[in-house]
Amino acid sequence: MGRGKQQNGPTQTQTVAANGGAKTVTKGRHQDGEDPEHLGLHAWAVFAAIVALTLGTRFYKLEEPDHICWDETHFGKMGSYYINRTFFFDVHPPLGKMLIGLSGHLTGYDGTFPFEKPGDKYGETKYIGMRTFCVSLGSTVVPLAFLTVWELTWSLPAASLAAALLLFDTGCLTLSQYILLDPIMLCFIMGAVFCQSKFDSLKNRPFSMWWWVWMCGAGCFIALAFSVKFVGLFIILWVGLKTVSDLWDLLGDLTLPLMVVFKHFLARTMCLIVLPAAIYVTCFAVHFHTLYKSGSGDGFMSSAFQSTLEGNKLYQAIMPEDIAYGSTITLKNYRPAGGLLHSHWHLYPEGLGAQQQQITAYTHKDDNNYWIIKRYDRNPIPEDPIQFVKNGDLVRLEHVATRRNLHTHQEPAPITKRHFQVTGYGQNGTGDINDIWKVEVVGGAEKSRIKTVRSKVRFIHYMTGCALHSHSKTLPKWGWEQLEVTCNPFTRDKNNLWNVEDHINNQLPNGTFAVYQPSFLGKLLESHAVMVQGNSGLKAKEGEVTSQPWQWPLNYRGQRFSGVNATDYKVYLLGNPVIWWGNLALLAGAMLVFLVEALRTQRGFVDPPQLSEKKSGTLSAARWMAAGWALHYLPFYFMGRVLYFHHYFPAMLFQSMLTAIMYDYFLQIVEHKAQPKVYRRIHQWGTAFIFIILLYSFYLFYPMSYGMFGPLADNETSPMYGLKWMESWEI
């Protein structure tokens, strides 16, 4: 099928070689934003075949394996939380999990399956509905890639190649078939790219109906992508860069009045900033409205936030407002996702300071979180009159369960060596002078009372002057992977702040705390602070296989979804190596072409007008695809959190479309340089050869996606025997 430069002008007719003979085709830019006749019956037939193959490959064996695979244990469980309306914490925005929960609810899943660990059998659980929803959205990626590249190049071979690279990639296939956030996010990313491409095609018809439709579509999709995972920020940046480039060009067009330029700016502000922000905030409004019951995520949130959750101890809580000596309390670290001051019978290991009782911060409710606040000089007795704890008082804190006092000394903390170790010390509430702490209320008047929930408090050690501190660092296995608690010599650190969360004292009058419930905006801001904190603190679990960004384009190591032994049903996330290494080669080739074209332009080389116009549009599209790849890949080098192979797949979408566009560029050069007969042969036989190779490589590696039994690839009886092309593959 013919191709032409990217243009917005009238339809043009060309005679090109197709199917071994001359054929006249009509092509041009869309006039009303609709899929036009210009696509042609031939192209529609190819598109229909691609859709059919996509649905066939994605829905095949969807019910297998009939057990939890990889992160289904997390996202299936979170879908259950939405069905049951119970609050939980996750490092990602809520939209993807809400949609998974909704799909499960609509297909008969009742939210009772525990989703405890990978490998657990689903049994009678209706899990297919959630997988069907995820695979349906994941399947849209392939036809959207076809339509996007068609929009950018008007080349049927290029559009078909872009679709085929994703259709026959075993990695994309595997990632789309399970209850995961990735197929949902990839769908929204590709939707944003397609809508932006359609919007760009209507530059000569600004403010028309379809101009608005496609720009609003791009705004909606970038909001949806960001509402599923924070890495959706990268597609926002890509659309933003294109928008800035467009506005810059408009500003440089001296034929346009400044008022028209301002209207363009205002339109993009409304559609690409205000509309996405409204969608994003609405997702959180639905999230908060749905999850109104107390659940596993309560401990990550502030005491005020917890007071909004039905079933939480702070919900419509009635407890004493002022803290008195002898009160039993819990202390929550005031930072986002801060834990509750906690202890247990276990001691610090030998070689890590004093072998005294461990003090940690724990993000879940537990009886080991309770402490008695006492005078510094004696233990309380029942006959003591009520005396309130005040700003500046010296106190001791006794752990209720173990009856040891909160204690510190000038031994280095187990992880943060510049801080001092905090321990539990003494017997039956009696210790030594290193158990004494001074209470400081932030912003409180001298001798003002300590308030439940409201007061932000520092505990300053009497002997050393350091402040009780907690942060996001987790202790090793010996500390049950709970948060480290230290004594910080820098007393003004914001992580030194605590508040009283629970307060028990039968001698004091009770008050209500409903008045302290945060507003929607307060809950929104706190949720983001906790998510950012949680994301930055994600670390690999012991024995977990992770990967590094440099490994991803090489397809160096995959990700085990299911099974380890010969008797297990094994599913392995790994890209089709032919596709991934081909993409890598074309990426390098594209960089070389960009350099050569820049040098040719600088040296004054001029191509014939017809070729120049074609190359200009094609190279512009290629540069934007390369920019999309870079934006979705390079930032991972600067992330401190744990990383996995599946993080590369948004970049892989752009890389595959770049490969297809560069193939179109190659055909343009051949068409210009070679005789028509030679060009036809290269066009037809070269394209056919590429598709045969893609299909055969899929045939070789598809067992990794659909699942397989048997030994690993180094055994002759393995389905993957002879296909372990890299030692790092666990197949």
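Because the structure is predicted, anything quoted here is derived from the model rather than measured.
Here the side chain of Tyr648 pairs no donor or acceptor atom with the backbone of Pro549 at under 3.5 angstrom. Gln196 places no side-chain N or O within 3.5 Å of a backbone atom of Val193 that could act as its donor or acceptor partner. In this structure, His632 contributes its side chain and Gly628 its backbone to a donor-acceptor pair below 3.5 Å. Between the Asn535 side chain and the Val91 main chain, a donor and an acceptor come within less than 3.5 Å of each other. Here the side chain of Ser201 pairs a donor or acceptor atom with the backbone of Lys198 at under 3.5 angstrom. Proximity of a side-chain donor or acceptor of Tyr127 to a complementary backbone N or O of Gly76 within less than 3.5 Å is not detected. Remark: side-chain polar atoms of Arg58 are not paired, donor with acceptor, to backbone N or O of Ser136 under 3.5 angstrom. Judged by distance alone, the side chain of Gln177 and the main-chain N or O of Tyr60 form a donor-acceptor pair under 3.5 Å. Proximity of a side-chain donor or acceptor of Ser103 to a complementary backbone N or O of Ile100 within less than 3.5 Å is detected. Judged by distance alone, with hydrogens and angles left aside, the side-chain atoms of Glu526 form no donor-acceptor pair with the main-chain N or O of Phe305 at under 3.5 Å.
Classification of the Trp211-Phe199 ring pair by plane angle, with boundaries at 30° and 60°, yields tilted. Note: Phe701 and Trp729 have perpendicular aromatic rings, judged against thresholds of 30 and 60 degrees for the angle between ring planes. Ring pair Phe636/Phe234 is perpendicular by interplanar angle, where above 60° counts as perpendicular and below 30° as parallel. Note on ring orientation: taking the six-membered ring where Trp is involved, the planes of Phe288 and Phe520 are perpendicular (angle over 60°, cut-offs 30° and 60°). In this structure, His646 and Tyr644 have parallel ring planes: the angle between them is below the 30° cut-off, well short of the 60° mark. By the 30° and 60° cut-offs, the orientation of the rings of Trp552 relative to His647 is tilted.
With a 6.0 Å cutoff to the six-membered ring centre and a 45° limit on the axis angle, Arg131 does not count as a cation-pi contact of Tyr178.
For Arg560, there are no side chain to side chain donor-acceptor pair (under 3.5 Å) partners, not counting sequence neighbours. Partners of Phe230 according to the ring pair (Phe, Tyr, Trp, His ring centres under 6.0 Å) rule, which considers only residues two or more places apart in sequence or in another chain, are Phe226.
When all heavy atoms of Phe698 and Thr57 are compared, the pair lying nearest together is CZ-CG2, 4.4 Å. Taking each heavy atom of Met301 and Gly297 in turn, the nearest pair found is CG-O, 3.8 Å. Taking both residues in full, the closest heavy atoms of Cys271 and Leu275 are given as O-CB, 3.7 Å, listed atom of the first, atom of the second, then distance.
Of the charged side-chain nitrogens involved, none lies within less than 4.0 Å of a carboxylate oxygen, so that Glu72 and Lys77 do not count as a salt-bridged pair. Look at Arg600 and Glu597 and you find a salt bridge, because one of the NZ, NE, NH1 or NH2 atoms lies within 4.0 Å of a carboxylate O, short of that distance.
Within 6.0 Å of CZ in Phe89 there are more than 12 heavy atoms belonging to other residues, nucleotides or ligands. Counted within 6.0 Å of CZ on Phe638, heavy atoms from surrounding residues, nucleotides or ligands total 12 or fewer; the atom is thus considered open. Surrounding NE2 of His264 are more than 12 heavy atoms belonging to other residues, nucleotides or ligands, all under 6.0 Å away. Within a 6.0 Å radius of CE in Met270, other residues, nucleotides and ligands contribute 12 heavy atoms or fewer.
Gln655 contributes atom CD, which lies 9.5 Å from atom CG of Leu165 (distance to the nearest 0.5 angstrom).
A 4.5 Å side-chain heavy-atom check between Tyr637 and Trp550 finds at least one atom pair inside the cut-off.
Looking at Thr170 and Asn576, their side chains never bring a donor and an acceptor atom within 3.5 Å of each other.
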